[in-house]
Student: 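One structure, pasted below without further comment.
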Amino acid sequence: MSADDVFILIDGAATSEVPARRIEELAGGGDRPVAVDHEERVACLGVAAATRSAALASLEASDFALPDLAGRLHTLSEQRGRKVLLVAWASW
Amino acid sequence: MLYEELGGSSFTVITVALDKSADDARPWIDAARPSHPSLIDTRHVLADLYHIVNVPTIVWIDERARIVRPNDVGFGTDTFKHITGLESAKPLAALRAWVRRETPAFTETEIRGLQRLPTRDDQQARAEFALGEWLARHGRAEAAARHFTRAGDLAPHDFTIRRGTMPLRGIDPMGPEFRRMLGEWTAAGHPYYRPLPDTRG
């Protein structure tokens, strides 16, 4: 593998194509976790533990936009002014 | 149901299914016919934002979008009543009291004391999960499995990864492989569910 090999880079919902040598730079020299599949040439940037921990400890509920069964997006922020019971569940 | 009892202008429920597809969650949502938002999170966006490591997990969020009770094991809507094993009456009574302003929620100091924060390994595991989920969705099952396995090794307490990826790997999440994993985990002295300590009822 060379530094010029092109990888698909996943960052949240977005994907882009980048040369291999750019992946570590984009990860901020180890700040953000990066998962790499060298065979498939796909990499994924995660979110740093420090970033997540600071957000959680701030007690500000992070906003999200997720679809319902019909594909319509809903956000937490559109519920502002109401108390919210947030429930994560799964069929498994 | 809880939402019908308490919901309205001052309270809502948002359920988020950490499932591999909307179709996996659909039968449960159709059966419950909820009138509150019932969302699908195939990429585990919520699990990452709120450091959710198993289901069902509940978080109380107030009118100003502040977390007022951190992650707890929660049973309380018909959407997930198929999952059994923990008593729901007491946490539901606490929730009713909070919504009706009969009792204050936790203080900020109490909440921070009860929060679990993600480690580097937790976040590396989530990056491995996200890579695996993308690979699985693009038909590269073998490559996906490598990253799901690595993610589970990094965060063995994270059952949104270890159990939640079983359907993506063609494994029955209620079957022998899950029971073996659960047996090993509990035999080593670890809890499968991690409710908040019973500080306030």
Student: Calculate, to the nearest 0.5 Å, the distance between atoms CD1 and OG belonging to B:Ile67 and A:Ser62 respectively.
Tutor: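 If I round to the nearest 0.5 Å, the distance is 7.0 Å.
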
Student: Measuring only between side-chain heavy atoms, which start at C-beta, is B:Val13 closer than 4.5 Å to A:Val84?
Tutor: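 Contact flag for B:Val13/A:Val84 side chains = no.
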
Student: Give, as side chain, backbone, both or neither, the part of A:Ala55 having an atom under 4.5 angstrom from any heavy atom of chain B.
Tutor: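 For A:Ala55, no heavy atom lies under 4.5 Å from chain B.
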
Student: Considering residues, nucleotides and ligands other than B:Glu142, do more than 12 of their heavy atoms fall under 6.0 Å from its CD?
Tutor: no

Student: Check for a donor-acceptor pair, side chain of A:Arg52 on one end and backbone N or O of B:Pro118 on the other, with a separation under 3.5 Å.
Tutor: no

Student: Between B:Leu18 and chain A, with a heavy-atom cut-off of 4.5 Å, which part of the residue counts as in contact: side chain, backbone, both or neither?
Tutor: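 It is both, since atoms from each part get that close.
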
Student: Could you check which of A:Leu45, A:Leu69, A:Asp68 has the highest count of heavy-atom pairs closer than 4.5 Å to chain B?
Tutor: A:Leu69

Student: What part of B:Ile52 gets within 4.5 angstrom of chain A, counting heavy atoms only: side chain, backbone, both, or neither?
Tutor: side chain

Student: Heavy-atom pairs under 4.5 Å with chain A: which of B:Ala22, B:Ala143, B:Gly164 has the most?
Tutor: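 Counting heavy-atom pairs under 4.5 Å, the top option is B:Gly164.
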
Student: Out of curiosity, A:Ile8 CD1 to B:His138 NE2, how far, rounded to the nearest 0.5 Å?
Tutor: 7.0 Å

Student: Compare every heavy atom of B:Ala130 with every heavy atom of A:Cys44, then report the nearest pair and how far apart it is.
Tutor: SG-CB, 3.5 Å

Student: For residues A:Leu56 and B:Gln115, report the shortest heavy-atom separation together with the two atoms involved.
Tutor: O-NE2, 2.9 Å

Student: Against chain A, label B:Arg126 side chain, backbone, both or neither, depending on which of its atoms sit under 4.5 Å from a heavy atom there.
Tutor: neither

Student: Between chain A and each of B:Asp48, B:Asp23, B:Asp30, count heavy-atom pairs under 4.5 Å; write down the option with the most.
Tutor: B:Asp48

Student: Looking only at heavy atoms, which two atoms of B:Arg66 and A:Ser58 are closest? And how far apart?
Tutor: NH1-O, 3.1 Å

Student: Report the option among A:Pro33, A:Gly12, A:Gly46 that has the most heavy-atom pairs separated by less than 4.5 Å from atoms of chain B.
Tutor: A:Pro33

Student: Report the option among B:Pro167, B:Ala25, B:Ser9 that has the most heavy-atom pairs separated by less than 4.5 Å from atoms of chain A.
Tutor: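 It is B:Ser9.
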
Student: When rounded to the nearest 0.5 angstrom, what is the spacing between CZ in B:Arg116 and OG in A:Ser53?
Tutor: 13.5 Å

Student: Give, as side chain, backbone, both or neither, the part of B:Asp122 having an atom under 4.5 angstrom from any heavy atom of chain A.
Tutor: neither

Student: If you count heavy atoms of other groups shown closer than 6.0 angstrom to CD of A:Glu78, is the number above 12?
Tutor: yes

Student: Considering only heavy atoms from C-beta outward, does the side chain of B:Thr57 approach that of A:Trp89 to under 4.5 Å?
Tutor: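 Contact flag for B:Thr57/A:Trp89 side chains = no.
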
Student: Please rank B:Ala47, B:Pro173, B:Ala65 by heavy-atom pairs under 4.5 Å with chain A and give me the top one.
Tutor: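 When all of B:Ala47, B:Pro173, B:Ala65 are compared, B:Ala65 has the most.
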
Student: Counting C-beta onward and ignoring hydrogens, is there a side-chain heavy-atom pair between A:Leu66 and B:Ile40 closer than 4.5 Å?
Tutor: no

Student: Taking the side chain as every heavy atom from C-beta outward, state whether A:Leu85 and B:Leu95 have any pair of such atoms under 4.5 Å apart.
Tutor: yes

Student: If you take all heavy atoms of A:Trp92 and B:Phe159, which pair is closest and at what distance?
Tutor: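 Shortest heavy-atom contact: CH2-O, 3.5 Å.
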
Student: Would you say that more than 12 heavy atoms from the other residues, nucleotides or ligands in this model lie under 6.0 Å from the CZ of A:Arg21, or not?
Tutor: yes

Student: Out of A:Glu40, A:Glu60, A:Arg32, which one racks up the most heavy-atom pairs below 4.5 Å with chain B?
Tutor: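 Of the options given, most contacts go to A:Glu40.
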
Student: State whether the side chain of A:Arg82 and the backbone N or O of B:Thr12 hold a donor-acceptor pair below 3.5 Å, judged by distance alone.
Tutor: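 Answer holds: no.
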
Student: Closest heavy-atom contact between B:Pro37 and A:Gln79?
Tutor: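 Shortest heavy-atom contact: CG-NE2, 3.9 Å.
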
Student: Considering all heavy atoms of both residues, which atom of A:Val34 and which atom of B:Gln124 are nearest to each other, and what is their separation?
Tutor: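 Of all heavy-atom pairs spanning A:Val34 and B:Gln124, the closest is O-NE2, 3.0 Å.
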
Student: A:Leu86 versus B:Trp60: any side-chain heavy-atom pair under 4.5 Å?
Tutor: no

Student: Which distance, rounded to the nearest 0.5 Å, do you find between the CZ of B:Arg69 and the CG of A:Leu59?
Tutor: 14.5 Å

Student: Is the NZ or CZ atom of A:Lys83 both under 6.0 Å from the centre of the six-membered ring of B:Trp98 and within 45° of that ring's axis?
Tutor: yes

Student: Non-hydrogen atoms of chain A under 4.5 Å away: do they reach the side chain of B:Tyr50, the backbone, both or neither?
Tutor: both

Student: If you count heavy-atom pairs within less than 4.5 Å of chain A, which of B:Leu135, B:Val45, B:Asp19 leads?
Tutor: B:Asp19

Student: Assess, by modelled atom type and distance only, whether the side chains of A:Ser91 and B:Asp24 contain a donor and an acceptor separated by less than 3.5 Å.
Tutor: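 No.
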
Student: Chain A contacts: which residues in residues 146-156 of chain B have a non-hydrogen atom closer than 4.5 Å to it?
Tutor: B:Arg146, B:His147, B:Arg150

Student: Tell me, out of A:Gly71, A:Pro67, A:Ala50, who's got the most heavy-atom pairs with chain B below 4.5 Å.
Tutor: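 Max contact count across the listed options: A:Pro67.
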
Student: For the interface with chain A, which of B:Val99, B:Thr160, B:Ile111, B:Leu117 has the highest count of heavy-atom pairs at distances below 4.5 Å?
Tutor: B:Leu117

Student: Which atoms of B:Val59 are under 4.5 Å from chain A, going by heavy atoms: the side chain, the backbone, both sets, or neither?
Tutor: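 Both backbone and side chain of B:Val59 come within 4.5 Å of chain A.
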
